[in-house]
Amino acid sequence: MVIIKERPHPKLEDKTEAIEELSCPECGSLDLINDMTRGEMICSNCGVVVTERIMDNGPEWRAFTNDEREKRSRVGAPTTYTVHDKGLSTMIDWHDKDIYGKKLPPNRRAQIYRLRKWQIRTRVHSSIARNLVIAMNELDRLSSQLGIPKSVKETSAVIYRRAIERRIIRGRSISAMVAAAIYASCRIRKVPRTLDEICSYTSIRRKELGRSYRLIVDNLNIHMPIASPIDYVSRFGEELELSGRVQQKVCELLEKAREYGLTAGKDPTGLAAACIYIIGIQEGERRTQREISKVAHVTEVTVRNRYKELVKKLKLKVEV
DNA sequence: AAGACGAAAGTGGTTGA
DNA sequence: TCAACAACTTTCGTCTT
């Protein structure tokens, strides 16, 4: 039996494709919504339909009756970037015969021959496969401990794959590169985790993680959105049980601080913390400096310094 | 007693010669 | 490679609520 399911050679693939297919061509936003019922992928930012007829690669689960079982027409497990061969495990066998056992016509045979050659060339029986198996296990473990969403995890996997293609994993610690990929994808997807948070779940040191991260960013020419304190507000806000209204005000204040040029070169977590403190007092949802510094992983002193500076420079009124 | 304040010394990372 | 530097941390004594 001959099954034609081409697996393109990694080198033939456009290197940037894997990332770009996850971002909107109009505005570059990465917040794409899969609409499986309509088969579209939509940018949640500008509403552009990014791809029509996307493949539903989720599992085709339930089948209660015989009829339904018949209808389960898709083959194989769902594909995902977090399995080392994306779950595509079809092989082309060596018979030059079709499914009825008939000999193939010569032109067809030549095609199959080419496909087979590529499949063998790209077959992941090599060190890359072993590397990916370990890496994806580590990715699983780390991302579940960090509690990051599945979409971010998939992005990490894409980044890691590209890092392998670029031959920058070799000779480096797998766990460090996985952690760096996670850090990068968290920043791309705007659900930032700090370097410290990530390395607290691994055995690698912060310095190592930072170096690996730089390596990834430099080599994969990912355009990295600058970390904004606003990205941290919702997370800190949740942990401090602040109302949505207050979180909104905090964002407004941060925006104002940015306009006045008070944010450059400052630790974004410290800034977010200071603004939460200020707005908390103004809006009657006061949190102590200690509480805030704890969730923001900065010291009270930093919260204090930032908040003093903001009050002075923006001439804010804060009741004591 | 808890929270806020600020001074002073120390730390790790960046920059520019 | 080294020193200067800015931002941040640690520590601690004092003041306020």
Side-chain angles (χ1 to χ4, degrees), chain A residues 168 172-173 175-184 186-188 192-233 235-243 246-247 249-251 253-320:
Chain A
I168 58 175
R172 287 174 229 278
S173 140
S175 58
M177 294 306 286
V178 167
I182 289 180
Y183 178 69
C186 281
R187 286 193 50 179
I188 290 174
R193 295 290 184 279
T194 60
L195 285 172
D196 288 313
E197 277 177 277
I198 290 179
C199 50
S200 70
Y201 291 103
T202 65
S203 55
I204 50 177
R205 280 187 304 276
R206 195 198 137 109
K207 198 175 171 182
E208 173 86 17
L209 177 56
R211 239 201 351 252
S212 305
Y213 165 69
R214 279 251 67 84
L215 201 71
I216 284 180
V217 172
D218 291 345
N219 280 280
L220 305 189
N221 53 27
I222 300 167
H223 73 101
M224 189 61 65
I226 316 142
S228 157
I230 292 173
D231 300 333
Y232 292 95
V233 170
R235 202 164 108 246
F236 296 163
E238 287 306 314
E239 285 191 55
L240 292 165
E241 294 174 359
L242 295 170
S243 67
V246 168
Q247 290 184 26
K249 291 236 175 197
V250 173
C251 292
L253 179 57
L254 283 168
E255 188 55 36
K256 195 172 162 196
R258 198 185 57 76
E259 280 168 28
Y260 280 70
L262 301 175
T263 55
K266 302 292 197 303
D267 178 6
T269 54
L271 272 165
C275 289
I276 287 174
Y277 182 68
I278 294 170
I279 299 294
I281 292 170
Q282 284 182 346
E283 299 294 319
E285 292 189 30
R286 185 173 189 142
R287 302 291 180 273
T288 64
Q289 292 179 357
R290 181 172 302 166
E291 284 174 312
I292 295 170
S293 62
K294 208 169 171 184
V295 302
H297 295 113
V298 293
T299 59
E300 296 167 60
V301 182
T302 303
V303 177
R304 211 144 55 217
N305 290 340
R306 287 289 76 75
Y307 125 80
K308 282 282 166 198
E309 187 183 72
L310 287 172
V311 167
K312 198 173 157 199
K313 297 268 177 65
L314 297 178
K315 301 193 170 56
L316 299 170
K317 287 199 178 62
V318 181
E319 333 273 300
V320 189

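Everything numeric in this text was worked out from a predicted model, so none of it was measured.
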Handout entry: Any donor-acceptor N or O pair under 3.5 Å, side chains A:Asp267, A:Thr269
Key = yes
Exercise for the section: Please tell me if the side chains of A:Arg211 and A:Glu208 come closer than 4.5 Å, counting only heavy atoms from C-beta onward. Expected result: yes
Rounded to whole angstroms, how far apart are [atom1] on [X] and [atom2] on [N]?
X        : N      : atom1 : atom2 : answer
A:Arg304 : B:dG3  : CZ    : P     : 13 Å
A:Asn305 : B:dC5  : CG    : C1'   : 10 Å
A:Leu209 : B:dG12 : CG    : C1'   : 15 Å
A:Ile292 : B:dA4  : CD1   : C1'   : 12 Å
A:Asp267 : B:dG13 : CG    : P     : 14 Å
A:Glu291 : B:dA2  : CD    : C1'   : 11 Å
A:Ile278 : B:dA4  : CD1   : C1'   : 15 Å
A:Glu300 : B:dA2  : CD    : P     : 13 Å

Handout entry: Given B:dG13, B:dC5, B:dG3, the nucleotide with the shortest approach to the side chain of A:Lys207
Key = B:dG13
Handout entry: From C:dA7, B:dG13, B:dC5, nucleotide with atom closest to A:Arg206 side chain
Key = B:dG13
Counting only side-chain N and O atoms of [X], is one of them less than 4.0 Å from OP1 or OP2 of [N]?
X        : N     : value
A:Gln289 : B:dC5 : yes
A:Arg306 : C:dC8 : yes
A:Tyr307 : B:dC5 : yes

Problem - Nearest heavy atoms of A:Val298 and A:Ala273, plus distance in Å - result: CG2-CB, 4.4 Å
Exercise for the section: Decide if atom NZ of A:Lys266 counts as having more than 12 heavy atoms of other residues, nucleotides or ligands within a radius under 6.0 Å. Expected result: yes
Under 4.0 Å, heavy atoms only, any strand: does [X] hit a base, just the sugar-phosphate, or nothing?
X        : value
A:Arg211 : nothing
A:Gly265 : sugar-phosphate
A:Thr299 : base

Completion exercise
In Watson-Crick or G-U wobble terms, with both distances under 3.5 Å, the base opposite C:dG13 is B:dC5
Exercise for the section: Please say which of A:Ile292, A:Val303, A:Leu253 ends up in a side-chain contact (heavy atoms from CB on, under 4.5 Å) with A:Cys275. Expected result: A:Leu253
Practice task
Take A:Arg290 and A:Val301, find for each the nucleotide of DNA chain B with the closest heavy atom, and name the residue whose nucleotide sits nearer the 5' end.
Solution key: A:Arg290
